[in-house]
Amino acid sequence: MKKSFFYTIALALGLLVPGLIQAQSHTSIQYSVGVPMGELADHAGNISGRGFVFEYHKTVNDNFSMGINLGYNLFTEEKSYDSYTSGTATLSGKQYCYDNMFPMLFNGQYHFGTGPFRPYGGLGIGTLYNLRNTDMGMYTIEENNWHFLMSPELGFNYDLGQGVGIKFNAKYDNAFKSADADAMGNLSFNIGLNFVVL
Amino acid sequence: MKHLRLLAFAALAVLLTQCYPGGPEYYEDLDLTYTNYDKNFEFQKKGTYTRPDKIVNITGSIGDEGPEFVSDIYATSILAKIDANMAALGWEKKATPEEADLVLLPAVWTNTTIVYWYDYWCGWYYYCGWGYYYPYPSASSYTTGTMVMTMIPTDDSVVPSSVWTAAINGLMSGSYNVTRVNTAIDQAFKQSPYLNIK
């Protein structure tokens with residue numbers, strides 16, 4: 001699945017390259033706050049204040065840009081002392097749960113208007129890597145899973161001048177069910193700076 | 001200049017996400033209690049048990065003087081706690097295995113884990129981190145203690161096997177904490193309702 005995804009992206013980029021060679025590009029670094037959803041909230045349900053997004057976009061025309069979006073969010077939860085039973089075995093203790101989320105997207109954004117304040121809507125398709133640790137006592141259960149990912153987003157850019165602007169958006173990372181893991185979601189609110197790179 | 005700003009933001013983002021927040025604060029946060037039992041064994045048809053007067057300390061070797069035992073200073077309170085829990089569940093203590101249905105065998109051991117870390121990213125004399133330095137290895141260790149309680153039927157017609165096993169595990173604090181041990185023993189019996197024969 002991952003190979004076919006990357007081949008598709010390479011083909012799409014190949015078709016677009018002639019139009020992008022002379023295009024303006026934007027680079028953005030954003031601070032990200034994540035709200036876990038679905039199965040992710042069941043495992044590590046605290047809102048995450050530890051996250052960031054890196055984005056690089058090429059302008060296709062006055063209203064449309066596309067590029068890559070790479071992010072990271074850390075979700076944690078300390079569960080109070082409890083007992084966990086499976087069959088005839090019971091284990092009691094405190095659980096410390098961690099989820100490291102690495103969304104990697106190829107996305108496009110449609111920008112409305114031409115003034116300094118430009119709202120936009122976008123959609124990204126890519127993959128999510130999840131590194132999960134469940135700690136009990138001196139032991140940990142570590143899981144690594146890849147998910148197919150689709151991420152719609154809404155936000156705005158505000159141009160401050162001199163090629164710098166503020167970027168704010170709300171993005172929902174919808175990670176689909178994989179062979180070894182359930183579907184999960186992350187609603188993130190991201191704010192940062194946007195730089196025009198000519 | 002813009003590239004330097006982007007690199008600085010990227011470095012800050014990475015630094016902010018390098019360590020897990022929270023985590024265990026006290027030794028008790030790492031205590032675990034595990035139990036398992038034979039679902040085909042009819043505890044309700046039994047009523048008596050016996051146990052040795054000493055707790056074996058498993059060290060991996062038997063010296064010339066035989067196995068080691070836990071000092072009576074600590075063993076007395078542990079055995080008393082076990083007896084109190086068994087009595088609360090309706091079991092009668094007998095002096096010898098010939099008079100009892102089950103024999104309860106307690107044992108303890110410690111395990112020391114050595115953690116060795118070498119900064120392989122700075123595998124040779126190279127600028128790394130805050131300045132030029134020659135990489136050096138670091139090591140630390142921690143010791144965990146485990147107490148196991150096993151119940152074995154004394155019936156000669158039955159092949160000796162454990163019908164109930166409890167294991168309590170925790171990080172050694174360097175001083176004996178009777179509260180932690182008693183709490184863990186209570187939990188082992190609390191999560192074994194099938195032992196209640198009242």
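Each chain gets a letter, A, B and so on, in the order its sequence line appears, and its residues count up from 1.
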With clusters defined by side-chain heavy atoms of hydrophobic residues (ILVMFWY) lying less than 4.5 Å apart, directly or transitively, does I73(B) cluster with F69(B)? no
Between chain A and each of K190(B), Q187(B), K39(B), E28(B), count heavy-atom pairs under 4.5 Å; write down the option with the most. Q187(B)
Mind checking whether M151(B) and M147(B) sit in one hydrophobic cluster, side chains of I, L, V, M, F, W, Y counted as touching below 4.5 Å? yes
When the 4.5 angstrom heavy-atom criterion is applied to D135(A) and chain B, the contacting part is neither
Can you tell me if CG on L131(A) sees more than 12 non-hydrogen neighbours from other groups inside 6.0 Å? yes
Run through T90(A), L91(A), T85(A) and flag the one making a side-chain contact (heavy atoms from CB on, under 4.5 Å) with Q191(B). T90(A)
To the nearest 0.5 Å, how far apart are OH in Y34(B) and CE in M136(A)? 12.5 Å
About how many Å separate CG of N36(B) and OG of S86(A), when rounded to the nearest 0.5 Å? 9.5 Å
In one Ile/Leu/Val/Met/Phe/Trp/Tyr side-chain cluster, 4.5 Å: M37(A), V33(A): yes
Quick one: do Y142(B) and M172(B) end up in the same hydrophobic cluster if we chain Ile, Leu, Val, Met, Phe, Trp and Tyr together by side-chain heavy atoms under 4.5 Å apart? no
Within a 6.0 Å radius of atom CZ on F117(A), are there more than 12 heavy atoms belonging to other residues, nucleotides or ligands? yes
Does F189(A) share a hydrophobic cluster with I47(A), counting links as ILVMFWY side-chain heavy atoms below 4.5 Å and allowing steps through other members? yes
Does atom CD of E142(A) have more than 12 heavy-atom neighbours, drawn from other residues, nucleotides or ligands, at distances under 6.0 Å? yes
Identify which part of Y84(A) has an atom lying under 4.5 Å from any heavy atom of chain B, answering side chain, backbone, both or neither. neither
If you take all heavy atoms of G23(B) and Y98(A), which pair is closest and at what distance? CA-OH, 3.8 Å
Identify which part of D31(B) has an atom lying under 4.5 Å from any heavy atom of chain A, answering side chain, backbone, both or neither. backbone
Quick one: closest heavy-atom pair of Y96(A) and P24(B), and the distance? OH-CA, 3.3 Å
Which atom pair, heavy atoms only, marks the closest approach of T33(B) to Y81(A)? OG1-OH, 3.9 Å
Among L32(B), L30(B), T113(B), N111(B), exactly one meets side-chain contact (heavy atoms from CB on, under 4.5 Å) together with M138(A). Which residue is that? L30(B)
